[in-house]
Structures are given as C-alpha cells and as structure tokens.
Amino acid sequence: MSGLSVRSDNPAHPMRKRELQTLPRNLATSNLLREDSDDENMFGPPQLSNFGSALVCEKENIGPGRQIFKHRLQAESALVHKKNNDTLGSYFNAPGSHTTTYFEGHSDSTMLGSFKDNQQSMTTFNPPQTRTDSGKTYTFNDASPSSSKLKNLQQTLKDELSTRGTRRRNRRFISSRLSLLGPAKRASSSNTTPDRSAIGDDSYSFQPLLTNSPAKVENRSAYSVFHDSEQSVLPPTNGNKDTSATYENIEFGELNPYQYLKKHNLPTTELPNISRAYFERQKGQNRSVALRKNSLTKDAIQSRLASASASASLSNSPFLRQNEPIKREHSLTKREPRRKVSGGPANNISKALSSPALDAATTRKAFDDANDEISREGKYGIIKTPNNSNSHYPKREVLSNIDINSSSTKQPLLKKLKHANGRMEDLQATTNKEHIVSVERPEEIDLPRNFPNTDAKKHVEIVEPATSTNHVSLKPSTAGSEQLQRKRPTVCINGTEYEKLELLGRGGTSKVYKVRNSANNKVYALKRVSFDEFDDASLDGFRGEIELMKKLETKPRVVRLIDHEMNSGVLHVVMECGDHDLSQILAQRSDMHLDVEFVRYHSQEMLKCVKVVHEAGIVHSDLKPANFVFVKGILKIIDFGIANAVPEHTVNIYRETQFGTPNYMAPETLVAMNFTSDQSSEQNKWKVGKPSDIWSCGCIIYQMIYGRPPYGGFQGQNRLLAIMNPKIKIVYPEKTPSGDIVPKTAIDTMKACLERSPSERWTVDEVLGGPFVNPVAVTHFFIRDLIKNSVKYGFNQRELSTDRIEELADDVWRRLGDFRL
Ligand SMILES: Nc1ncnc2c1ncn2[C@@H]1O[C@H](COP(=O)(O)OP(=O)(O)OP(=O)(O)O)[C@@H](O)[C@H]1O
C-alpha cells in the first residue's frame, strides 16, 4: 500500500472532489514552489502556506477525544523529501504506525507521537492524514482516484526542488567567482547578456541552458550568447537539460575550466557546467592512465629481474634499468600541464631532486631536460630523430656506449643524469609497490661508444685485500690501531719492553710515564731521569734513591720498585703506578668548603706513609702533596730523590745540595744553608732530620684546611726569608677564607707540627695519635660515670696536686683510647 492517504470525516462529502482538484493549485502557490524562494527556505522548516494550512486538522473535524494535529512540518517534509511512494506510504502507513488507529479513535497522539494500544512512541510522528483547507478536511486514500495525481504532484515537487537546489548551488558558485572579478569584471560579465538587436542577431546564437521550464529557458537563454566564431566552443544544446553533455566535445587544451571560460568570454553561469565536463573527462583519463601504469609497472618488475640476472654490469646500471620498462605515453604528458622551469636542464634536475615533494613527473621532467641539453649541445653524439611519438628517449643499448671519461666536460651532465636516474630508481622502487607511477623512456640519443661501466666505480669490496682506490676494508680501525700501537714508543729495560702510554708528570730532572709491559700487559710508572754521566753527586743521589726504594719495597706505604736501569746518562725506574697524586686531589677541591673529615683522613694517610719512612730510619726531606700518590685507594709516598738514610740515633744529617720545595721546607733546613756570608763547607751543608718531614706534613695539613701553605702568601725569595724569620709568625685563623670553622684540634695539630724549634715538634706518632687525626669519642654515660668517680675520688682525696690531676687526665685519656667507642 502506497500513496498518501487523506481521509475526511465524510468521504462522500461533495466538497471532497472539488477540494482535491484545487489542491495542486494550492500546492503550486505554496512557498515550496515559490520562484524566488532561497535554499534556506526550501530546505529549512517549511513556512506556513495555504498547503501547510491545509495540513492542519481542525479539532472539530477530528472528533472528540482526538487532539488537533499540527505537524505541518512533518507533513510538508514528508511530501517534499520522500522520494518514492513506497517510502512515503510506509512512513504514513507502516504496520503499527499511528495513522490508522488515530482516526479510529483507539489511539491518542501527542506532539511527540501517538498512542496505539496505550503504547507511546517517542520517535515516530503522526503524519497529517487529515488536512483542512478553508475549513475543509481532505482524506487521502490509496484507493482514491486522485492517487495518480498525487504521485505526479509529488514527482513534480521533487523535480522542482532538485532543480532549484542545483540552480541555487550554481548561483552560489558563480557569485563567489564574480566577487573575485571585481566590479568591472562583474559588469562585463553581466554584459554578456547583450541586446541582440544592438549586436546583430546573426552574430550571436542563444543557447538554452539549465532550466526545466520554458519560461526559464527563455530567460536564461539571454545569458548564453556566443559569437559565431565560437560556435564550436559551445554547441547548441537543443533544449537538452543535461547541459554537461553540451560541453562534452570541448577542447580544453591546457586550460582549466575557468581559463576556458575567460578565454571564450562565456558567462560565468556556465562555469559549473564546464567544470563538470572538464572533471568528467579528467576522471576518465585518470582511470585509463592508472590501468596503463599498472601494466607498465609489472613490465618494469619483470625487466628488472631480467636485468639483475644479466652479467654485464652496464645492464645492471640503475640508469638503464630505470629506462628499460618505460613506455612513453605521449597523450599523457600532453594532458599534464607542464611547468615552465627556468635555469636550464641542470637547474631542472637539481630542483627536481632537491624538491621535498619529488614526484615521478618532476624527476621525469628533469631527466628529459637533461637529455635535451645533452642532445642540444651535441657533445655526446648525434641526436636521432624519434622514430615515433612514443619513443623519445635514448635506448639502453645506445647509452651503453657512452664514455664519460672521454671528456671531462661531459661528466657533470652525466653525473646529473646518473643522479636523476638514481632518484628515479628510488622513486620507482617506491611507486612500484603502489602501482601508480610509470616512468617514461627518455628520448633516444646516439652517444659515443665506450661508455664506462659506472657500476664498476661503485663496486665495493668488503673482504678482499686493498687492490684499488675504492677498496673498503672491514678492518680499517683495527689496522689503524695496530699502526698506532706500532708508532707508540717503547722502552726496553733489562730486556723487558715497556710501551709508553701517557705522561703522568714531570719533575725537576725527570719525566714519569705511564707504561705497559708488553709481556704481561700490566701498567706501571716509568721515571726517566737524565743526568750527566760525569756528575758524581747526581749519580750518588740516584743510586741512593734506588737503594732506599729497594729497602722500602716491602712497605705498603711506599710505592713499590719494579725495576731500574742506569746507563748512558739515563736512569729508568719502573715502579707501581698510582692513580692520582695528592696535589691533584687538593686542586680538585680548591673551591670547595672545608671538609674536616677529608682533612683528617688524608692527614692520617699521609702520616702513615711518613711513619713508615721514619721507622725505616729515612728522612724524605722533600715531602709535598705531589709526592703522595693513591695506588688503588692507598696513599703511598714516592720520590726519594733527596732522601737520605739517617744513621740510627742521629737526629739530623747534612746534605751538600738542596732540592726541596720551599713551600714545605722547614726553617732549620734554610737557616742552616749558606744564606749567611760564611761560605765554609761546614755551614754550607743542609741540616735535615725527621722533624723536617713533620714540618712538611704540618704545611700540607695547613694547605688542606686554609687552601695554601703557611707562607704561601709570600712570593719568591721572600717566602724563604719569611720561613727563616722567627718574627714572622704563622697565623691560624679560626675560620677558613670561605667561612668554615676550623676545629680547635686541627689548629692545635698544625701548631704542634709547625713549631719553629724542631725539638718541640710532635713526632709522627704524636700527630697520628693527636686529637685531630685520632679523635677520641665519649658518650654521655662515660661523662656521667667520670663525674661520679671524680666526686668520690675528691671526697677521699681532699688535696690534689696539679701533677696528680695531670696523671689522672692522662690515665683517663689512655683508657679512652683503649675504649674505642
Ligand atoms: N709511581 C707513580 N705513579 C703515578 N704517578 C707518579 C709516580 N711517580 C711519579 N708520578 C708523578 O710524576 C710526578 C713527578 O714525579 P717525581 O715526584 O718523582 O718527580 P719530582 O719529585 O718532581 O722530581 P724531582 O725530585 O727531580 O723534583 C709526580 O708529581 C707524580 O704526579
């Protein structure tokens, strides 16, 4: 069952037929058919019209218990938008819909829907089955004889609406174009409606365009005036509604629709039609091209496989592989608008290759232009006239004879060609997967023979020995390192080869290297001292150092001697290698705040080294931070260059030369030297002893706390004079330059080490056991117990001498040391 069913309360009413006959007229006069209605009105909510009014059910006509149905909107929408009667009918008369029962009085309806069998629908609106016009109610029934008329009416409405929509879109499109033209252009556009009489009737023909009604044809034909000479541009349509067919045979050439329109001075209203024809044609062409390219790509793959198996290197050239499967489609390139590229073929190539949006067409054009340039210049041979329009590019057999070495001037262009081909190959490799791009065969060029095998230049051997300049070995770094190793100097000491790795430091007469034993690959420090063979004093000094190191080689706090050799004015001493010396560590912390624990720990380590030397009866006499090195975390003493064995029970020894470092030298060593006028041999000797090393240790502790040695503020010889001058006292600020508080115990220790009188200085054991280096910790319990015992002791011993109190203090102190909290 289909169709619109309108039913009145009285189907036999005489007014019914008449009203039905007047209905189309009402529809025609409704706003739906208004000529000048715009799209918004057309497709928006329907306006109240006569027809719309007719859709309103009068309450009295519906009957008691029935609500007035005012869904004009739905009714009109249904009438306008439903395209077929089936849909329309199903909309109104679908099973279970509310229309049937509505008029049977068994259901109720609201604005949101109707009720049937007490079931409410919130989604389906009741259609306006009853409509009143001028107080009359119409009932549409499928069985009505006017059903066919209604169908026709619906069809007419639909046609009109679609036509009007198309017209509206055209107007919008054209008006936007016109707005771009500016007033003058718009005026001329509108002037494309010339007065026939004024122009001459014979020179113009009127072309009926988009229209459905004769009246519109007449009106619109006024906009379609063309000169005779342009008849072929826009052939007559003979009233054909589908105006796109009018433009089927138009030759656009390289023009786009708009250019075509402007060129032929067509009215802008025709632009949509021309565009439609233009794009329809493009669509067909694209489809055919895509099919052709797909087949070409398959050919290309097969060709590549074939060329890959070929032994000739030239046939493996990407340049040739690229061109082999190419078949030029002349019509295709003709269709594509070509860009004008300035700067010649070279620029074209570079632009094409440098373009981030490199595509097949760009690369192809660069390739073509390069070939064209080669051909024009004629440097590489005679250009053959293309045999046919589909063969414009050189054949691979011809290119195989090109000798790029025959002329140096040819190389840049050929390089460009190769480069372009490489890019084209990459491009094709990519596009082959997509089957959308074909690469065209370049124009045939007859080039000179002996074209070199360019692939041979690119050949890279991986494993073979280097026989050519292009050879690349897998082991360049290994070979390089071997060469470097060979270049490293080696020193042979007592038959053992040592390879010099780096310079660790240098002294007054020596250089110390980090070396590696070639036999066992162990790393050592090698001290190399140059001396005058005939300087007996120096020779004795070096021999004495070696002897001391041998004597102390078992001591863990002395750097271990490995080997030594002395000949030809050079002393080589191999010893265990340290990581950092103490001077490097102090320099690293120069900008840092005072760390008492750091000072305490390194003071301990240093004094332990000195203790070992002193216990061996040796005075180092040149202690300085640089002479202590950390070997695997243990501070060790080095450099016994001016050290001397101190005879047992001897406090001081005297040396004839002074090599010590002034910053850390004890005053007694300087006072004893010949800064006096007396040059006698006795006074010309340096007095050194164990207390001198303690002074040096005091200077190093002072530097660790205050950042510089005690007399570090003096420069040059003034420093020596200041050290010797007893009136110049060493200051011990309570705070460091950076404001850190210096512990009292640290100050006391420094004072004890830097006593001007050697006999008043603490020994190494005293410093090691001192409150700073070896602090004693007490607990609250210990203090409470101490007080308790003291009170008891005092109660019994009312009289206590100072000495007795001192004895008691020493006893407690000793016990605290043993207690070791
Ligand atoms: N065994 C070693 N391990 C690591 N580094 C060392 C070793 N021996 C010396 N050095 C480094 O080499 C530097 C110089 O060595 P050394 O102290 O023997 O020369 P020197 O005392 O300046 O000589 P001189 O006594 O002639 O002044 C040291 O400051 C130290 O940094």
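In each ligand, atom 1 is the first atom listed, and ligand 1 is the first ligand listed. Residue numbers start at 1 and run along the sequence shown.
Using a 4.5 Å cut-off on side-chain heavy atoms (C-beta onward), V573 and Y524 make no contact. With a 4.5 Å cut-off on side-chain heavy atoms, K500 and T490 do not count as touching. When side chains are defined from C-beta on, M575 does not count as touching R560, because their heavy atoms never get closer than 4.5 Å.
The contact set between ligand 1 and L504, taken as ligand atoms under 4.0 Å from a residue heavy atom, comprises 4 (C), 5 (N). Close contacts between ligand 1 and A525 involve ligand atoms 1 (N), 2 (C), 3 (N) [criterion: under 4.0 Å to a heavy atom]. Close approach to S510 involves these atoms of ligand 1, each under 4.0 Å from a residue heavy atom: 19 (O), 23 (O). Those atoms of ligand 1 with a heavy atom of C577 less than 4.0 angstrom away are 3 (N). Of all atoms in ligand 1, numbered sequentially from 1 with element shown, those under 4.0 Å from a heavy atom of V559 are 1 (N). The E576 neighbourhood of ligand 1 comprises atoms 1 (N), 2 (C), 3 (N), with distances under 4.0 Å to a heavy atom of that residue. Heavy-atom contacts of N627 reach the following atoms of ligand 1: 17 (O), 21 (O) (cutoff under 4.0 Å).
Remark: I637 CD1 to K611 NZ distance equals 14.0 Å, nearest 0.5 Å.
By the 6.0 Å contact criterion, CD1 on I741 is open, its count of non-hydrogen atoms from other residues, nucleotides or ligands being 12 or less.
Heavy atoms of A626 found under 4.0 angstrom from ligand 1 belong to the backbone as well as the side chain. Under 4.0 Å from ligand 1, not a single heavy atom of V631 appears.
Polar contact check, D622 against ligand 1: no nitrogen or oxygen pair lies under 3.5 Å apart. Taking distance alone, with nitrogen or oxygen atoms compared against 3.5 Å, I638 stays at or beyond that limit from ligand 1.
In summary, R488 and E499 engage in a salt bridge, as defined by a charged side-chain N under 4.0 Å from a carboxylate O.
Geometric assessment of R798 against the ring of F795 yields a positive cation-pi assignment under the 6.0 Å and 45° thresholds.
Around atom 8 (N) of ligand 1, the closest heavy atom drawn from Q584, K511, K636, M575 belongs to M575.
H593 and D740 share a side-chain donor-acceptor pair at under 3.5 Å.
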